[in-house]
Amino acid sequence: MKYELVAGLETHVELSTKSKIFCSCTTEFGGQPNTHCCPICIGLPGTLPKLNRSVVDYAIKAGLITNCTINNVSKMDRKNYVYPDLSKAYQISQFDLPICKNGYIELSTGKKVRINRIHIEEDAGKLTHRRGDTLIDYNRAGVPLIEIVTEPDIRSAEEAKEYVEKLQLIMRYIGISDCKMQEGSMRCDINISVRPKGEDKFGVRTEIKNMNSITFMAKAMQYEFERQVDLLESGEEVVQETRRYDDKTNTTESMRGKEDADDYRYFREPDLITINILDSEIEKIREELPERPDEKLSRYVNELGIPEKDAQIIVKYKKISEYFEKAIDGVSSAKTISNFIIGQAFRILENESEKEKFNIKVSPENMRELALLLEDGKIRSGLAKSTLEKMLDTGKSCKEFISEEDMGSIDENTIKTLCKEAVDANSNAVKDYLNGKEKAIKALVGFVMKSTKGKADAIVVENLIKEIIR
Amino acid sequence: MVVTVEDVKKLAKLSKISMNEEELNQLTEDMQKIISFAHEINDACDGEFEFTDINNIINVFRDDIVEESFDRKEILSGVNGGEDGFFAVKKLI
Ligand SMILES: [Zn+2]
C-alpha cells in the first residue's frame with residue numbers, strides 16, 4: 001500500500017525587540033547567567049507584567065506578511081505547567097484570541113501552506129543539568145516569541161524545508177527576528193501522521209519537539225514517516241505521543257505518551273488588559289511593510305533583467321539586496337552590478353554567515369562608479385573585474401587603480417598599426433592560422449590586447465588581423 | 001455539559017489522587033452540581049462578552065526601552081545566593 005505523509009508545523013520565532021515582553025530587561029543573547037533579570041521576569045509574587053508595544057506591532061507585521069487576518073480584539077492567557085524553566089509555573093501566552101489568524105505561505109509549486117494562527121508569548125529560562133542538579137538561567141525568560149501554527153497541509157520533508165526557509169527569509173525581511181536556528185531564535189515542533197494515499201481521514205499523529213536545524217528536521221520527518229508506515233504495515237498502531245529526535249542515531253524516541261497528556265488549564269491573564277487593534281493601525285503597519293522576497297524576485301527578473309538564478313541569490317540575503325538596490329541607482333544595466341556581486345564579491349565571502357553580513361570594503365557608491373565606467377565604454381570588462389578585486393582588497397575607489405591613460409580610447413589607426421606589428425612579429429602563428437589552425441589567431445589578438453592594456457575591443461582586433469593576413 | 005465518571009478519573013489522575021468506586025461516583029455527582037451552577041451564572045449574563053476592562057481601560061503598553069536589570073546578588077538573594085550564578089533545583093526528569 002502507498003502511504004502519504006501529513007504534517008503541520010509549529011514554529012517559535014524569537015522577536016528582536018530590545019527589551020523583554022513584560023519588563024525592561026535586555027533581550028540580548030548570552031551574558032552571564034541571571035544578569036538580564038528583574039523581579040518581573042523571574043516571576044516574584046506581587047510583580048505585574050506590562051506588555052511591550054513593539055511585540056504587538058511585530059506580531060501584526062508577521063501576520064500581514066503571511067496573509068493573516070488581524071484580530072481587532074486580542075488578549076493574553078495563562079498556560080499552566082510546572083517545570084523549573086518557568087518560574088511562575090505558568091507561561092503568559094494566548095489561547096483563543098491570538099493576534100493573527102487564517103493566513104498562508106505560498107510554496108514555489110504554487111501550493112499554499114495555511115497558517116492557522118500566530119500568537120505572542122514569553123520564552124522560558126534555560127536549564128543545564130549537572131550531576132543531580134538542574135541549574136537555571138532566566139536571562140531568556142520573558143524574551144518575546146511568536147508561535148506560527150500551520151494547518152496539516154505539508155505532505156513531504158521537502159515541503160516542510162521550503163516552508164521553514166521561506167518563513168525564515170520573510171521574517172528577516174520584515175526585520176522582526178534574525179531566525180538563527182543554531183542559536184535557538186527559531187525552533188520548530190512537527191506534528192506528523194501517515195495515511196494510505198487517497199484516504200481523507202487523518203492518522204494518529206506524533207509530535208517531534210524542538211527541531212533546531214532544517215536538515216535535522218527533514219531527516220526526523222523522513223525517519224518518523226518510515227517508522228509509522230512500518231507500524232501500520234505490521235498491523236500495529238501508532239501511539240499519540242511526543243517524541244525526541246536524536247541526530248547522532250538519526251532516530252526518534254518516545255518522550256511521553258498521551259496518558260500524561262498536558263492539561264494546561266488555560267485561563268485569562270488577569271494582570272493584563274485587553275489588546276485592541278484598530279484597523280487604522282493595521283493599515284499603517286501594512287503600508288510600512290517592505291517588498292516581499294517573492295515580489296522582489298519577480299521584479300529583479302522581469303524589470304531589471306537579472307537571470308533568475310542570480311536574482312534568487314541576491315534576494316536570499318537581505319543585506320545583499322539592500323546593497324544591490326543602492327548600487328544600481330543610475331546604472332542602466334543592473335546586471336553589471338549583479339555580476340560584480342556574484343562574480344567578484346562572492347569570491348571573498350567564505351560562508352553563509354559572511355554572505356548574510358555582506359561586510360565588504362567597497363561601498364555601493366564605489367561599485368556604481370566602476371559600473372558606470374564600464375557602461376560608458378571607458379574601460380573593458382577585464383579591467384573592471386581586476387579593478388574590483390583590488391577595490392575589494394583595499395576598500396579604495398576605482399579611480400585609485402585606473403589611470404586617465406587606461407580610460408583613454410584608442411583610435412582605429414593605432415589599433416591597425418598594432419595589428420600589423422602583431423602579424424609581423426608572430427609569423428609562426430600567422431602560418432598556423434593560414435594552415436587551418438583557427439585558434440592561432442588568439443595569440444595575435446592577445447599580442448594587441450597586451451600592448452593596449454586591454455583597452456581595444458578583442459572582436460574588432462580579430463577582424464582587423466584577419467583582413468591583414470588575407 | 002454532563003460530567004462523566006471518566007472526566008473525574010482523568011482529573012484524579014492529573015491531580016495524582018487515587019479514588020475508590022464510591023468516591024468516584026460521589027465526586028462525579030458533586031462536580032455535576034458545580035458545573036450546572038456555573039451554567040446558571042453564564043445564562044444570567046446575556047449578550048456578548050464585552051472585551052473592555054474595568055473603567056474601559058484598553059491597551060496599556062510600555063515602550064520598547066531597555067533599563068538596567070537587577071544585580072545578580074539581589075536576584076539570587078531568595079535562594080541563598082544560588083550556585084555559580086544559577087538557580088539550582090534537584091534534577092526533575
Ligand atoms: Zn526582567
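Naming: A, B, ... by sequence-line order, numbering from 1 per chain.
Remark: the backbone N or O of A:Arg244 is not paired with any side-chain donor or acceptor of A:Lys209 at under 3.5 angstrom. Between the A:Glu14 side chain and the A:Val143 main chain, no donor and acceptor come within less than 3.5 Å of each other. Judged by distance alone, the side chain of A:Asp189 and the main-chain N or O of A:Asn210 form a donor-acceptor pair under 3.5 Å.
Ranked by non-hydrogen atom pairs under 4.5 Å with chain A, the options B:Glu67, B:Arg62, B:Arg72 are led by B:Arg62. Residue with the most contacts toward chain B among A:Cys37, A:Gly125, A:Ser87: A:Cys37 (heavy-atom pairs, distance under 4.5 Å).
Relative to the ring axis of A:Tyr264, A:Lys79 places its NZ or CZ within 45° and under 6.0 Å from the centre.
For B:Ile75, the parts sitting under 4.5 Å from any heavy atom of chain A are the backbone and the side chain alike. Proximity to chain B (any heavy atom under 4.5 Å) is restricted, for A:Thr128, to the side chain, taken from C-beta onward. Within the 4.5 angstrom heavy-atom criterion, only side-chain atoms of A:Ile42, from C-beta onward, approach chain B. Heavy-atom distances place both the backbone and the side chain of A:Gln32 under 4.5 Å from chain B. Neither the backbone nor the side chain of A:Cys41 has a heavy atom closer than 4.5 Å to any heavy atom of chain B. When heavy atoms are compared at a cutoff of 4.5 Å, A:Val56 approaches chain B solely by way of its side chain, counted from C-beta outward. Contacts between A:Ile21 and chain B at a heavy-atom distance below 4.5 Å involve the backbone alone (N, CA, C, O).
Taking 4.5 Å as the heavy-atom cut-off, none of the residues of residues 17-34 of chain B approach chain A.
Among A:Gln94, A:Arg117, A:Lys101, the single residue meeting the side chain to side chain donor-acceptor pair (under 3.5 Å) criterion with A:Asn71 is A:Lys101.
Shown here are the salt bridge (charged side-chain N to carboxylate O under 4.0 Å, His left out) partners of A:Glu147, two or more places apart in sequence or in another chain: there are none. For A:Asp57, the salt bridge (charged side-chain N to carboxylate O under 4.0 Å, His left out) test picks out no residue, with sequence neighbours left out. The salt bridge (charged side-chain N to carboxylate O under 4.0 Å, His left out) search around B:Glu83 returns A:Arg130, not counting sequence neighbours.
By the 4.5 Å heavy-atom criterion applied to side chains, A:Lys50 and A:Phe22 are not counted as neighbours.
Between B:Phe87 and A:Tyr138, the two ring planes are perpendicular [angle over 60°; tilted spans 30° to 60°].
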